[in-house]
Amino acid sequence: ATLFAHQLPNGMLPYAGPPVSYYGKSDTYHLWALLGTYNVAMHDSEGGIAWLKQVWGGFQRGVAASVAKVSTKGLLHVDETADWQRHGQGGENCPANMLLYRVLTAAAELAAALGNVTVAESYTFQAGALKAAIFAHLWDESKGAFYDNTNNHKLHPQDGNSLAVWFNVTSREQAQRVSGYLQTNWGSFGSSSPEWDGNIGTFSGSMEVHAHMAAGQVARAHALIRLQWGYMLESNRSTHSTFWEGYNADGSFNFQGIYMSNAHGWATGPASALTMHTVGIQALEVGGSTYSVAPLFGDLDHCRGRLSFGRHRYVDAAWSMSSDPGDAHHQTLVLTVDSSA
């Protein structure tokens with residue numbers, strides 16, 4: 001709501017709210033804010049639709065501001081380059097275009113929820129055109145992954161490739177290839193980011209956890225959480241209770257001094273990934289009026305958790321898997337769902 005209150009006349013949302021309020025700084029932060037709008041609406045049972053109606057005009061102006069930057073190649077051309085831990089953000093880069101694709105599909109869902117069928121169809125058409133351009137200019141068939149940028153075919157980034165799978169840009173077969181490529185970047189302390197000199201970014205790492213989940217590689221996602229987030233919890237450098245903004249490939253702190261940044265929201269991706277995939281609770285409509293419980297077990301025997309849709313509405317789910325001692329191929333699943341109306 002704060003970002004929409006400070007929206008620029010051209011539709012761009014600020015990089016941050018007051019007292020920072022950096023205007024005209026970041027195409028990707030702008031897109032994340034639009035996607036955040038979708039997430040708020042989907043998970044607020046008490047005011048999701050009402051709040052969405054209040055910000056809908058600003059949301060549409062925000063989408064239009066990004067679409068206006070689509071080049072003759074059909075790709076978003078980034079010219080406001082402030083970003084997370086990466087180099088070479090300008091131009092027709094991979095993560096920004098994956099973000100725009102997801103914003104357009106989310107916008108179509110929201111428009112349909114508000115009864116704006118024609119608008120929803122328009123967003124869906126734009127998403128389809130963008131997807132075609134992404135594959136025409138950024139997909140590397142020989143690598144089974146996406147290039148970082150139309151002007152950089154030497155690097156295949158962690159962030160953009162993870163977003164492609166997470167946001168359903170890829171086919172099922174392509175998702176498996178990208179997931180496999182991402183695992184090749186794992187080291188002793190986590191998954192390295194080629195776009196950040198091989199260091200370990202916890203924001204892009206969070207994207208990768210979601211990508212492996214979306215690809216159905218659940219055990220791989222769990223293994224990455226144990227590797228990277230386990231390191232941050234167990235390292236003798238750490239607080240043993242918080243997650244870091246990012247760190248070097250050798251496990252040492254990247255951020256120093258007054259900007260130590262060892263308790264950062266960018267590192268929280270596994271929480272939502274475990275909730276939506278391992279516990280398996282996902283909102284399907286605005287306000288969570290319809291939801292699904294479809295757990296992905298991976299290598300776990302049991303799990304339980306809650307997804308809240310407001311002060312008075314939540315969904316609890318718990319599952320356990322047990323094997324028959326007399327038949328190793330026979331397993332019994334017990335799934336319990338408790339939903340407050």
message = Tell me if a side-chain donor or acceptor on Asn93 pairs with a main-chain N or O of Ala96 at a distance below 3.5 Å.
response = yes
ask   = Less than 4.5 Å apart, any side-chain heavy atom of Ser238 and any of Asn262?
value = no
task = Drop me the distance from His156's NE2 to Asp140's CG, to the nearest 0.5 angstrom.
result = 3.5 Å
inquiry  = Please check: side-chain N/O of Asp250 versus main-chain N/O of Ser252, any donor-acceptor pairing under 3.5 Å?
reply    = yes
query = Do the side chains of Leu155 and Trp196 join up, straight or via other hydrophobic residues, at under 4.5 Å, putting them in one cluster?
reply = no
task = Heavy atoms only: give me the nearest Lys69-Asp79 pair and the separation to one decimal.
result = NZ-OD1, 2.7 Å
Non-neighbouring partners of Ala211 that pass side-chain contact (heavy atoms from CB on, under 4.5 Å), sequence neighbours left out = Ser162, Val165, Leu182
remark   = Scanning both residues in full, the closest heavy-atom pair of Ala164 with Phe146 reads CB-CE1, 3.5 Å
inquiry  = What's the separation between atom CD in Gln282 and atom OH in Tyr291, rounded to the nearest 0.5 Å?
reply    = 13.5 Å
remark   = Taking every heavy atom of Glu92 against every heavy atom of Ser71, the minimum-distance pair comes out as OE2-OG, 2.6 Å
message = For the CG atom of Leu52 and the OG1 atom of Thr37, what is their distance to the nearest 0.5 Å?
response = 8.5 Å
ask   = Just wondering, do Leu75 and Val70 contact through their side chains at under 4.5 Å, heavy atoms?
value = no
inquiry  = Starting from Leu31, can I reach Tyr29 by hopping between I/L/V/M/F/W/Y residues whose side chains sit under 4.5 Å apart?
reply    = yes
inquiry  = Looking at every non-hydrogen atom in both residues, tell me the closest pair between Ile49 and Ala113 and how far apart they are.
reply    = CD1-O, 4.4 Å
ask   = Is any side-chain heavy atom of Phe4 closer than 4.5 Å to a side-chain heavy atom of Leu13?
value = yes
task = Could you tell me whether the side chain of Ser66 and the main chain of Val63 form a donor-acceptor pair under 3.5 Å?
result = no
ask   = Could you give the distance from CE (Met321) to CG (Asp299), rounded to the nearest 0.5 Å?
value = 11.5 Å
ask   = Under a 4.5 Å cut-off applied to non-hydrogen side-chain atoms, are Asp197 and His87 in contact?
value = yes
inquiry  = Could you measure the distance from the OG atom of Ser308 to the CZ atom of Arg313? Nearest 0.5 Å is fine.
reply    = 10.0 Å
request  = Hydrophobic side-chain clustering at under 4.5 Å (ILVMFWY, transitive links): who's grouped with Leu274? Put none if nobody.
outcome  = Trp186, Phe189, Ile200, Val209, Met213, Val218, Leu224, Ile225, Leu227, Trp229, Tyr231, Met232, Leu233, Phe243, Trp244, Tyr247, Phe253, Met260, Leu296
task = Nearest 0.5 Å please: distance from the CD1 atom of Ile134 over to the SG atom of Cys94.
result = 7.5 Å
task = State, without any angle test, whether Gln85 and Ser193 hold a side-chain donor-acceptor pair at a distance under 3.5 Å.
result = no
key: Salt bridge flag under 4.0 Å for residues Arg177 and Glu141   = yes
ask   = Going by distance alone, is a donor N or O of one side chain under 3.5 Å from an acceptor N or O of the other, for Asp159 and Trp84?
value = yes
Gln126 and Ser122 side chains, donor-acceptor separation under 3.5 Å = yes
inquiry  = Could you go through Met207 and Gln158, starting from their C-alpha distance and side-chain angles, then the distance that decides it, and tell me whether this counts as side-chain contact (heavy atoms from CB on, under 4.5 Å)?
reply    = CA-CA 8 Å; Met207 299 174 202; Gln158 177 188 30; over 6 Å; no
inquiry  = Applying a strict under-4.5 Å side-chain criterion to I, L, V, M, F, W and Y, I'd like to know whether Val169 and Leu130 cluster together.
reply    = yes
message = If you compare all heavy atoms of Asp148 against all heavy atoms of Pro95, which two are closest, and at what distance to 0.1 Å?
response = O-CD, 4.4 Å
task = Please report the shortest heavy-atom distance between Arg220 and Gly180, naming the atom on each side.
result = NH1-N, 3.3 Å
ask   = Okay, side chain of Asn199, backbone of Ala249: is any donor-acceptor separation there less than 3.5 Å?
value = yes
query = Would the number of heavy atoms belonging to other residues, nucleotides or ligands and lying under 6.0 Å from NE2 of His153 be above 12?
reply = yes
inquiry  = Tell me whether Ser179 contacts the main-chain N or O of Ala175 through its side chain, where contact means a donor paired with an acceptor under 3.5 Å.
reply    = no
key: Side chain Ser192, main chain Asn185, donor-acceptor under 3.5 Å   = yes
request  = Give a yes or no on whether Arg237 atom CZ has more than 12 heavy-atom contacts from other residues, nucleotides or ligands under 6.0 Å away.
outcome  = yes
message = Using the rule that Ile, Leu, Val, Met, Phe, Trp and Tyr join whenever any side-chain heavy atoms are under 4.5 Å apart, tell me whether Leu35 and Trp51 fall into a single cluster.
response = yes
Pair Glu208, Gln183: side-chain N/O donor-acceptor within cut-off below 3.5 Å = no
request  = Kindly indicate whether the side chain of Leu3, heavy atoms from C-beta on, has any atom under 4.5 Å from the side chain of Pro14.
outcome  = yes
inquiry  = Out of the candidates Phe203, Tyr15, Tyr38, only one should pair with Trp32 under the ring-ring contact (aromatic ring centres under 6.0 Å, His included) rule; please name it.
reply    = Phe203
message = Please tell me whether Leu333 and Leu300 are part of a single hydrophobic cluster in this structure, the criterion being side-chain heavy atoms less than 4.5 Å apart.
response = yes
key: pair Gln174-Phe135: side-chain heavy atoms closer than 4.5 Å   = yes
Side-chain donor or acceptor of His277 paired with backbone N/O of His210 under 3.5 Å = no
query = Hey, does Leu100 have a side-chain heavy atom less than 4.5 Å from the side chain of Leu104?
reply = yes
ask   = So, does Asn10 use its side chain to make a donor-acceptor pair with the main chain of Met12 at under 3.5 Å?
value = yes
ask   = Considering only heavy atoms from C-beta outward, does the side chain of Thr202 approach that of His264 to under 4.5 Å?
value = no
inquiry  = Check whether Thr268 reaches the backbone of Ala271 with its side chain - one donor and one acceptor, N or O, closer than 3.5 Å.
reply    = no
